[in-house]
Amino acid sequence: MGVILIAFERESEQSALETLLSGRGHRVLKSANGLAALDVARREAPQAIVSDIVLPRMDGFALCRKWKQDERLQNIPFLFYTRRHDDPKYERFALELGAERFLARSTPPEKLLSALDELLPPGSASTPANGQANGQANGQANGPAAAHGNGQSGATRPMNMLDTAAMQRVAVLEKSQAEAHEKAQFAQRQQAAHAEALEKAQRAQAAQADALERAQRAQTSQAEALDKAQRAQAEAIERAERLQVEAHEKAQQAQAQAEAMERAAQAHSRLRSQVSELEATNQRLADGEARFRRVFESNPLPMWMADHATGGFIAVNDAALALYGYSRAEFLGLKASSLQLPGTDSSNSPVSVHQRKDGNVLGLSIFTQRIEFDGRDADLVSAYDLTQRLENERQLHEQANAGRAILDAAADGSWLLGGDGQLLDVNTTYCRMSGYSKEELLRLNAADIEDPSSGETTQRLQLARVRGGGRYETKHRRKDGTLFDVEVSVGLLENTRGDSIVLIRDNGQRRRDLIAQRVLHRQADFLVELFKHADTFDESAIVRRVIEQALEVTRSPLGYLYFVDPTHKTITLAAWRDGSRPQVVMANSEAQPIGRVTLTDCVRGKHAVLNNDLTPKPNTDGLPDLTRYLAVPVLSGDEVVAVLGVGNRDVSYNDDDLRVLAALADGVWRVLHSKRAHAVTLSALQRTDVALQGMIDSFVRMSERHDPYTAGSSRRLAALAVAIGREAGLDGERQHGLRVAALLHDVGNIAVPASILSKPAPLTETELALMRTHVEEGCQLLADIDFGAPIADIVYQSHERFDGSGYPRGLKGEDIMLEARILAIADTVEAMCSPRPYRPAAGMDAALEELSRGAGKRYDEHLVAACTRLVRQHGFTLPE
């Protein structure tokens with residue numbers, strides 16, 4: 001019927017459409033990308049084009065725009081036949097670009113054929129080139145004439161001067177000239193630079209034709225015969241018969257014609273040489289472009305081309321798509337400005353801040369080179385990802401700050417001492433110990449602080465350059481002039497200045513620290529034990545043990561714990577105990593506004609409160625009256641979630657009590673938070689598992705609704721596949737993955753027209769090709785879902801066969817996943833045991849015979865044996 005150009009990326013789709021269109025008599029031109037499709041159409045204009053939207057190098061929308069802008073192609077119908085039909089905007093955009101039709105892939109193939117019949121011109125046929133038509137016409141004309149002249153007919157007509165061989169050579173010459181003329185016109189359109197050479201070749205052909213015509217005019221009867229042969233096929237046949245009879249009289253004229261034909265052949269040879277040169281030039285240009293694109297696509301640095309005129313993108317490589325998280329079509333649909341993080345300006349910064357598709361921020365070093373691409377001004381942009389480097393610098397800065405914070409928080413004082421004894425840095429602890437501010441200390445020398453009559457000095461140690469430093473006891477002078485005993489440790493730094501690090505411990509504080517350390521150790525043991533048994537304790541048991549521990553470590557008669565609700569700004573007494581009670585009292589009081597309780601300052605200020613005032617402080621929530629008390633906040637992030645406190649001790653509370661109680665509060669919240677988080681995690685995992693199973697069931701119901709004749713088959717298939725997997729020795733996790741793959745193995749059928757799925761007869765080759773695309777569709781649907789197993793790969797390989805006769809990739813033997821081999825066997829058994837629209841059920845015995853015939857060939861013989869054993873020995877039957 002006509003010449004149809006199809007533009008589809010996948011070879012399976014091209015083959016299916018070629019089979020469909022060839023069956024209607026169309027000649028099919030194929031292309032796997034938009035640029036190649038445009039080039040094919042310019043070389044040989046088709047009568048219609050059928051294209052997908054998603055194409056490499058140039059998508060379907062860009063191809064349609066280029067098509068309608070080309071004067072040679074704009075009147076040729078453009079049809080979209082695509083999967084991207086889920087949004088009406090695609091169809092509106094396609095029609096705005098000038099496309100004549102927009103068809104979804106889910107529609108029956110007959111609608112595509114009907115649309116082509118409507119758009120193709122009436123009576124359009126597969127019209128061959130002029131040379132081919134003339135050759136066919138001459139071939140048809142010469143056949144009967146040759147038969148007649150050889151005596152196969154009883155009548156003999158008058159013959160002209162030329163014989164049949166001469167006439168055939170003339171016809172071949174004319175055919176060669178027509179083909180050369182057509183090729184010269186094609187070369188002229190492609191390479192304007194060679195137009196003059198082609199024109200000379202055409203003039204040479206015309207001169208040869210004129211010479212031949214003069215030779216024909218010299219022989220009147222022959223010229224008339226040749227002229228009539230060109231005008232009418234019937235007259236050519238009659239002249240050929242006459243020429244065959246008179247061939248012996250015109251030997252000299254035939255020789256002249258032979259010489260003319262030889263000269264024409266030489267001219268044709270020269271023309272072919274010129275055309276070959278043009279083709280070689282085109283090939284070099286194409287190879288150069290291909291090398292550029294290979295370098296561009298395979299470059300590990302993200303790269304793209306931005307159009308100056310539109311601000312959009314012309315091309316992008318795989319590294320850039322991986323960096324930003326977009327598909328190629330999504331990226332090419334963006335503007336260059338949309339990559340930059342909103343609200344940032346990178347014009348004066350060496351680091352550009354961009355944003356990925358998922359919202360994550362990227363720090364990039366951008367290099368731009370202005371180029372000309374495809375006749376347009378464009379920017380070739382390359383990017384270097386600095387995100388990790390910036391993050392590492394930030395972490396180093398935080399670590400430096402953390403190191404300083406650790407020194408400031410240390411219980412011992414520290415100096416950074418220069419080689420001349422000058423203090424270069426001090427921590428907060430030593431400022432507190434000495435009474436000086438940090439600024440005052442940095443103006444002093446070690447000799448201004450150390451008492452030389454009390455022992456060794458740091459200065460003398462430095463001068464002696466003691467290897468590994470030294471340790472000694474001495475006295476330091478406070479700002480008020482008083483002396484205090486210290487233990488000093490000196491370590492020499494390995495630098496050129498001879499600096500030292502000096503640690504200073506208050507010996508009076510050491511004894512207190514040892515006592516506090518033992519308390520902390522006991523408290524740590526308590527917390528470890530509490531954490532070990534947290535799974536067996538409920539929250540009230542944990543609270544009771546915490547209050548008892550607080551009473552013990554602070555030697556207090558009263559302990560209590562409040563829970564705080566930051567959202568509603570309320571506080572609730574959870575439990576308390578005083579010395580008059582044998583055990584902790586679990587309170588049942590109501591929540592109160594934070595401002596009404598004694599511990600308001602602790603909650604709102606988010607810091608510990610120490611009060612040694614003996615005045616009674618009554619409470620309205622059931623807690624006994626407080627005199628002296630100590631309360632520490634329990635923080636979760638920046639929010640106070642609880643308050644742990646003690647009170648009513650005979651002696652005052654001090655900072656040591658505060659530190660011990662604060663450490664207990666922090667450890668207790670870790671236990672409570674861990675227990676609550678564990679409960680939330682278990683609940684979330686349960687919900688996730690339920691949601692995943694619900695999604696799988698939805699997929700199965702959707703597939704069954706699209707193909708109601710297979711309702712229930714997925715669940716029967718899953719039961720059989722899991723049983724075979726168990727028999728073959730798969731563990732529980734792989735059995736679960738096999739069950740999910742079996743349930744979803746036919747989900748790709750939603751892309752196959754329902755008319756094919758429910759057809760009550762064997763499928764044609766075209767329908768079978770469309771049907772086989774369901775494994776790729778299923779793989780794409782499932783590829784981005786994390787099932788905890790390679791479900792998409794199992795589905796993709798489920799129709800491969802052990803001997804390589806399956807599809808889509810023809811994998812063999814162990815190259816096929818074990819789960820896919822099991823699924824192939826289970827699918828065969830379930831299909832033969834279930835009725836179909838075009839046949840009844842064959843039964844289990846027939847299915848096992850089919851497996852036995854294919855064992856070691858189409859199916860893995862070990863798995864066939866496991867399936868047979870499962871049915872024959874263990875009595876397995878498919879569920880209803």
Side-chain angles (χ1 to χ4, degrees), residues 403-495 497-521 553-555 607-608 610 612 630 649 651-663:
R404 180 172 295 278
I406 291 172
L407 283 177
D408 285 340
D412 293 338
S414 67
W415 292 349
L416 178 61
L417 196 64
D420 57 354
Q422 183 67 34
L423 272 65
L424 304 178
D425 195 11
V426 295
N427 70 347
T428 304
T429 303
Y430 190 78
C431 293
R432 187 170 57 250
M433 291 167 58
S434 64
Y436 288 102
S437 67
K438 184 173 183 178
E439 291 74 15
E440 292 171 333
L441 285 170
L442 295 183
R443 293 194 292 267
L444 299 178
N445 191 284
D448 299 329
I449 299 174
E450 293 181 323
D451 180 17
S453 63
S454 302
E456 189 59 87
T457 66
T458 304
Q459 186 68 27
R460 286 200 292 272
L461 282 175
Q462 277 192 317
L463 294 175
R465 292 294 185 267
V466 177
R467 180 175 297 275
R471 177 178 295 176
Y472 60 93
E473 292 185 359
T474 186
K475 292 182 182 294
H476 279 194
R477 185 174 289 103
R478 293 190 180 93
K479 182 179 180 180
D480 59 9
T482 60
L483 299 176
F484 62 101
D485 295 326
V486 294
E487 180 185 81
V488 179
S489 299
V490 181
L492 301 180
L493 298 180
E494 295 181 358
N495 59 22
R497 299 190 304 269
D499 296 342
S500 303
I501 185 73
V502 182
L503 299 179
I504 303 156
R505 174 172 295 179
D506 185 348
N507 281 344
Q509 183 65 28
R510 183 193 302 178
R511 183 173 60 258
R512 295 191 297 271
D513 290 344
L514 289 175
I515 296 172
Q517 188 174 12
R518 286 195 293 270
V519 173
L520 289 175
H521 278 314
V553 296
T554 61
R555 302 178 305 282
H607 57 75
L610 190 154
N612 287 313
L630 171 62
R649 194 169 71 175
V651 296
S652 299
Y653 292 102
N654 53 35
D655 290 343
D656 293 338
D657 298 319
L658 189 151
R659 284 194 296 271
V660 170
L661 194 63

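Note: hydrogens, waters and symmetry copies are ignored here, and every other heavy atom, side chains too, is used.
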I'd like to know if the side chain of Glu450 and the backbone of Thr474 have a donor-acceptor N/O pair within less than 3.5 Å. no
Please check: side-chain N/O of Asn427 versus main-chain N/O of Asp412, any donor-acceptor pairing under 3.5 Å? yes
Which word best sums up how the rings of Tyr430 and Trp415 line up, parallel for under 30°, tilted for 30 to 60°, or perpendicular for over 60°? perpendicular
So how far is it from [X] [atom1] to [Y] [atom2], rounded to the nearest 0.5 Å?
X	Y	atom1	atom2	result
Leu424	Leu416	CG	CG	5.0 Å
Leu661	Asp656	CG	CG	12.5 Å
Asp448	Glu440	CG	CD	12.5 Å
Thr554	Tyr653	OG1	OH	5.5 Å
Ile504	Ser489	CD1	OG	9.5 Å

Mind listing the closest non-hydrogen atom pair of [X] and [Y] along with its distance?
X	Y	answer
Gly435	Lys479	O-CD, 3.4 Å
Val426	Cys431	CG2-SG, 4.0 Å
Ile449	Leu441	CD1-CD2, 3.8 Å
Leu417	Ala446	CD1-CB, 4.1 Å
Val488	Val502	CG1-CG1, 3.4 Å
Asn445	Leu423	C-CD1, 3.8 Å

Hey, are the side chains of [X] and [Y] touching, using non-hydrogen atoms and a 4.5 Å cut-off?
X	Y	answer
Thr482	Arg477	no
Lys438	Leu442	yes
Phe484	Lys475	no
Leu658	Leu630	yes

Looking at Asp657 and Arg649, does any basic side-chain N land under 4.0 Å from a carboxylate oxygen? yes
Is there a side chain to side chain contact (heavy atoms under 4.5 Å, CB included) between Arg478 and Leu483? Walk through the geometry before answering. CA-CA 6 Å; Arg478 293 190 180 93; Leu483 299 176; over 6 Å; no
